[in-house]
Novice: 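What follows is a single structure, and I will ask about it in a moment.
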Amino acid sequence: MTLPFEVLLLDIEGTTTSISFVYDVLFPYARRAVEGFLEAHLEAVAAEVELLRQEAAAERARGEDAPEIPASGAREAIVAAAAASVRWQMERDRKTTGLKALQGKIWREGYAAGELRGHVFEDVPGAMQAVVEAGGRVCIYSSGSVEAQRLLFGHAEGGALTGWISGYFDTTTGPKREAGSYEAIAAALGVAPAAVRFVTDVLAEAEAAAAAGMQVRLSVRPGNPPQGAHGFAVVGSLGAALD
Ligand SMILES: [Mg+2]
C-alpha cells in the first residue's frame, strides 16, 4: 500500500475511542476508587492533596461550598475530606491541576490492576498496523495528558497498541483549536504539514489543522455530536482515512 501521507495524526475521543468511554467508564471509576486509593497512598500523593487543599481554599474564597481538607489531624479525616473534594470538583467538571494529577494516578493503578481497559473502535488496531507496515507513522494528539494517552493505548481492549504509535502530543504543545499547535507538531515530527493527515471529530480542530496546511479527515463515530457545515472528507472508520 502506498500512503498519501507520512504521518497519520489521530485525535482520541470521537476518533479512536468512543466519547462515552471517558464519561461512562473513566470518570465513574475515579469517583468509585478515590477513597480506597487515598487510604492506600495518602503519603505518596501528599503533593497532589496539597494542591487539592489550595484549590478548595480558592473555591471557598469565591463563595463556593467546596469541602475543606484539614492540613493536619486524623489520617482518616484527611482521606475522607480529600475524597470528598475530588468528588466535589468532578461533579462540577473542574479541570484543575490537583484533580487531573490525582485522577491520572488512580487510572494508572486501575489499568495496571486490569480493572480498566482502554476503549478503541474495532477498526483501529488494523489501521494503525497498516500505516506502520506501509512505512508511515501513527501519532496521537489529544487534550488528555500524554500519560493518559499511553495508558489508554497500552491497556487497550484487544491488546496494547503502543507498539504502533511513535509519538504523543497533548495541549502542552498548544490548544487543539489553534493552527500554531499543528505547525509545532509537524515541526516536531520533522515533516511538512502537508505530509500529515489529521483525523478528528471536532470541526474547529479540523479547521485549525487545515489552516496549518495538514490534510484532514472528519471522523463520524456512534455517539459523536453533529458538526456544522463543512467541506472536509468524512470517514466512519480509520481504514477509510488511509485512502
Ligand atoms: Mg475528539
Side-chain angles (χ1 to χ4, degrees), residues 5 7-30 90 93-95 100 103-104 107 116-125 127-128 131 137-157 161-162 164-186 189 193 196-212 214-242:
F5 51 82
V7 178
L8 186 67
L9 182 65
L10 300 173
D11 165 63
I12 295 180
E13 282 175 57
T15 300
T16 64
T17 298
S18 75
I19 291 175
S20 69
F21 175 67
V22 175
Y23 292 96
D24 294 345
V25 178
L26 287 185
F27 285 171
Y29 182 86
M90 290 189 70
D93 203 25
R94 299 289 197 265
K95 306 287 182 195
K100 287 176 80 168
Q103 284 172 329
W107 290 328
L116 284 174
R117 290 260 153 228
H119 174 263
V120 292
F121 292 108
E122 61 185 0
D123 52 273
V124 170
M128 288 183 172
V131 169
R137 281 183 280 171
V138 176
C139 296
I140 306 295
Y141 181 32
S142 165
S143 52
S145 69
V146 166
E147 192 199 353
Q149 299 173 24
R150 288 181 186 277
L151 285 171
L152 193 160
F153 291 112
H155 299 273
E157 292 168 4
L161 298 175
T162 37
W164 303 120
I165 302 170
S166 55
Y168 300 85
F169 299 90
D170 61 21
T171 51
T172 60
T173 300
K176 291 189 78 182
R177 298 178 183 213
E178 288 182 12
S181 306
Y182 298 87
E183 290 163 5
I185 288 171
L189 294 171
V196 180
R197 181 172 288 181
F198 179 53
V199 189
T200 182
D201 60 313
V202 174
L203 183 55
E205 298 174 10
E207 288 168 343
M214 285 187 183
Q215 307 176 35
V216 173
R217 296 291 183 272
L218 202 76
S219 168
V220 174
R221 295 287 198 177
N224 285 8
Q227 302 295 303
H230 64 84
F232 295 107
V234 168
V235 294
S237 73
L238 279 196
L242 309 187

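Quantities reported herein were computed from a predicted structural model and do not represent experimental measurements. When a ligand or atom number is given, it counts from 1 through the structure's own listing order.
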Novice: To check you understand the geometry: which heavy-atom pair defines the closest contact between Ser219 and Val199, and what is its length?
Specialist: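 Heavy-atom minimum between the residues: CB-CG1, 3.9 Å.
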
Novice: Looking only at heavy atoms, what is the nearest atom pair of Arg150 and Thr162, with distance?
Specialist: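 Looking at all heavy atoms of both residues, the closest pair is O-CG2, 3.9 Å.
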
Novice: Looking only at heavy atoms, what is the nearest atom pair of Gln215 and Phe5, with distance?
Specialist: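 Nearest pair, atom of Gln215 first, then Phe5: NE2-CB, 3.9 Å.
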
Novice: Please identify each residue that fulfils ring-ring contact (aromatic ring centres under 6.0 Å, His included) with Phe21, with sequence neighbours left out.
Specialist: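 Per chain and number, Phe21 pairs via ring-ring contact (aromatic ring centres under 6.0 Å, His included) with no residue.
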
Novice: Should the pair Tyr141 and Phe169 be assigned to parallel (<30°), tilted (30 to 60°) or perpendicular (>60°) ring geometry?
Specialist: perpendicular

Novice: Going through the checks in order, is the ring pair (Phe, Tyr, Trp, His ring centres under 6.0 Å) test met by His119 and Phe121?
Specialist: CA-CA 7 Å; His119 174 263; Phe121 292 108; 5.0 Å; yes

Novice: No waters, cut-off 2.8 Å: how many protein N, O or S atoms are close to the Mg ion (ligand 1)?
Specialist: 3

